[in-house]
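Step one of this worksheet: look at the structure below.
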Amino acid sequence: MEWAAPEYIWILIGLPVVVGLFAWAQRQRQAAYAHGWISEDVRPTLRWRRQVQAAVVTIVVALLVLGLARPRMGGAEREVEQRGLDLVVALDLSRSMQAEDIAPTRLDRARNELHGVLDQLAGDRVALVVFAGSGLLQAPLTTDYAALRSLLDAADPASMPAPGSNVEAALQGATNALDARDTPSDPNAPPRAQAVLLLSDGEFHDGEVEAARAQAQSNDIALYTAGIGTENGARIPIYNENGTRTHWLREDNGSIVTSRLNADGLRALPTGPGRYYELGPATGSLSAFVDDLRGLERSLIGIERFDTYYEGFWIPLALALALLLVDTAWDPARPAFATNPATP
């Protein structure tokens, strides 16, 4: 038998209650004697009744203390399989992700959608790769979703060492994150299920798309893509150190750059069961991606062992209640409380 709560705590609580009840009963008896409400011939019966009552109260309190300590019985070990997959999120941090055709910006919308994805995951490990002209691993595979949210909120195009939108570098970073996984203890165990979600406005070259797709296929990665932006596009703002927009990004000839969603390039990337999702100004979300992710077969990550018990608190509580009911119904001194003839 085990206990879910320290018994001594409930004993310290129960003892003052018992003392208080006895003190209250003593005052009631003294008041009855003083007013002559109880005749002399029934006082021996009451003294005997008082002893019985004290024993009953003591037993009831002991049973209540036992019940509050929550005894648990019949311990047995159970095994629960933990299953999950490994997901790498590749987030585009090129300058064009600051375009405002998706309010408030493309990047902010991507962050919000990824927060929603993390809210619906349970047990899956997630890594974060950010990319522009090169790919950087921000977080290895982890189930610490709070840390991932912090890294997402801190992601900033200004922190990227090289401009551009190199999708091949993004997929290489995702592959490296998956290759760094710990190997299963069982050499015969199948590899863990793996997937990559790439969020971008798709402003990269066709040659990069073909190389990135081939890379994902060769590593047996389920690649999903999400396009953020509009066909009409928007200008790309440039900010100073204080976060104030100072001007618009321009070509070498001085014309203002307009960034547009390259949906065709992003549609050509998915591999395996992967597919393309589009996030428009007022349409689209990654909830469909979460549904697709749930459809993937999870791999066995580990086995959790824990003990199970039957709660036994109700047994002493039921006995205490039954004893109180019997004590209340059976009172040999009750006839003695008839009207005293000496009392006017």
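Heads up: numbering here begins at 1 and tracks the sequence.
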I need the minimum non-hydrogen distance between [X] and [Y], along with the two atoms involved.
X	Y	answer
A195	L296	CB-CD1, 4.3 Å
D201	S259	OD2-OG, 3.9 Å
A174	V129	N-CG2, 4.0 Å
R106	G233	NH2-CA, 4.2 Å
Y276	G227	CE1-N, 3.4 Å
G135	A169	N-CB, 3.6 Å

Check whether any side-chain N or O of [X] sits under 3.5 Å from a backbone N or O of [Y] as a donor-acceptor pair, and report yes or no.
X	Y	value
D101	T230	yes
E278	A263	no
E203	R260	yes
R111	L152	yes
E113	L286	yes
S200	S165	no
S150	A146	yes
R125	G123	no
D108	P104	no
T175	L171	yes

Next item on the list: Walk me through it: do Q98 and L93 pass the test side-chain contact (heavy atoms from CB on, under 4.5 Å)?
Entry: CA-CA 9 Å; Q98 293 180 311; L93 285 188; over 6 Å; no
Note to self: Counting C-beta onward and ignoring hydrogens, is there a side-chain heavy-atom pair between V88 and L178 closer than 4.5 Å?
What the structure shows: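 Side-chain contact under 4.5 Å: yes.
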Quick check on [X]: does its [atom1] atom have over 12 non-hydrogen neighbours (other residues, nucleotides or ligands) under 6.0 Å away?
X	atom1	value
D153	CG	yes
N253	CG	yes
E231	CD	no

Is a side-chain donor-acceptor pair under 3.5 Å present for [Y] with [X]?
X	Y	result
D119	Y145	no
D92	S94	yes
Q172	N176	yes

Atom pairs and distances, donor-acceptor, side-chain atoms in residues 266-274, under 3.5 Å, two or more places apart:
from: T271; atom 1: OG1; to: I221; atom 2: O; distance (Å): 2.6
from: T271; atom 1: OG1; to: L223; atom 2: N; distance (Å): 3.3

Margin query: I'd like to know whether Q194 forms a side-chain contact (heavy atoms from CB on, under 4.5 Å) with L87, so could you lay out the CA-CA distance, the side-chain angles of the two residues, the decisive distance to 0.1 Å, and finally the verdict.
Written below: CA-CA 6 Å; Q194 56 190 19; L87 169 67; over 6 Å; no
Notebook entry, point to check: What's the verdict on side-chain contact (heavy atoms from CB on, under 4.5 Å) for L136 and M160, showing C-alpha distance, side-chain angles and the deciding distance?
Noted result: CA-CA 9 Å; L136 298 176; M160 300 305 294; 4.0 Å; yes
Taking side chain to side chain donor-acceptor pair (under 3.5 Å) as the test, write out the residues that go with [X], two or more places apart.
X	result
R95	none
D179	none
D156	none

Margin query: Taking I315 as the starting point, is it possible to reach L323 by hopping between hydrophobic residues whose side chains are less than 4.5 Å apart?
Written below: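 The answer is yes; both residues are in one hydrophobic cluster.
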From [X] [atom1] over to [Y] [atom2], what is the distance, rounded to the nearest 0.5 angstrom?
X	Y	atom1	atom2	value
L121	T143	CG	OG1	11.0 Å
L293	D291	CG	CG	9.5 Å
L141	L128	CG	CG	11.0 Å
L198	L91	CG	CG	8.5 Å
Y239	T246	OH	OG1	9.5 Å

Check: In terms of ring plane angle, is the pair F289 and Y224 parallel, tilted or perpendicular, where the classes change at 30° and 60°?
Finding: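 Perpendicular.
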Item checked: Residues clustered with W248, ILVMFWY side-chain links under 4.5 angstrom -> I256
Item checked: Sequence-distant partners of T142, side chain to side chain contact (heavy atoms under 4.5 Å, CB included), two or more places apart ->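 Expected list: D144, L148.
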Next item on the list: Any chance you could lay out the side-chain contact (heavy atoms from CB on, under 4.5 Å) test for R109 and T105, step after step, and finish with the verdict?
Entry: CA-CA 6 Å; R109 174 68 179 280; T105 68; over 6 Å; no
Item checked: With V89, the side chain to side chain contact (heavy atoms under 4.5 Å, CB included) member among V117, L118, L199 -> L199
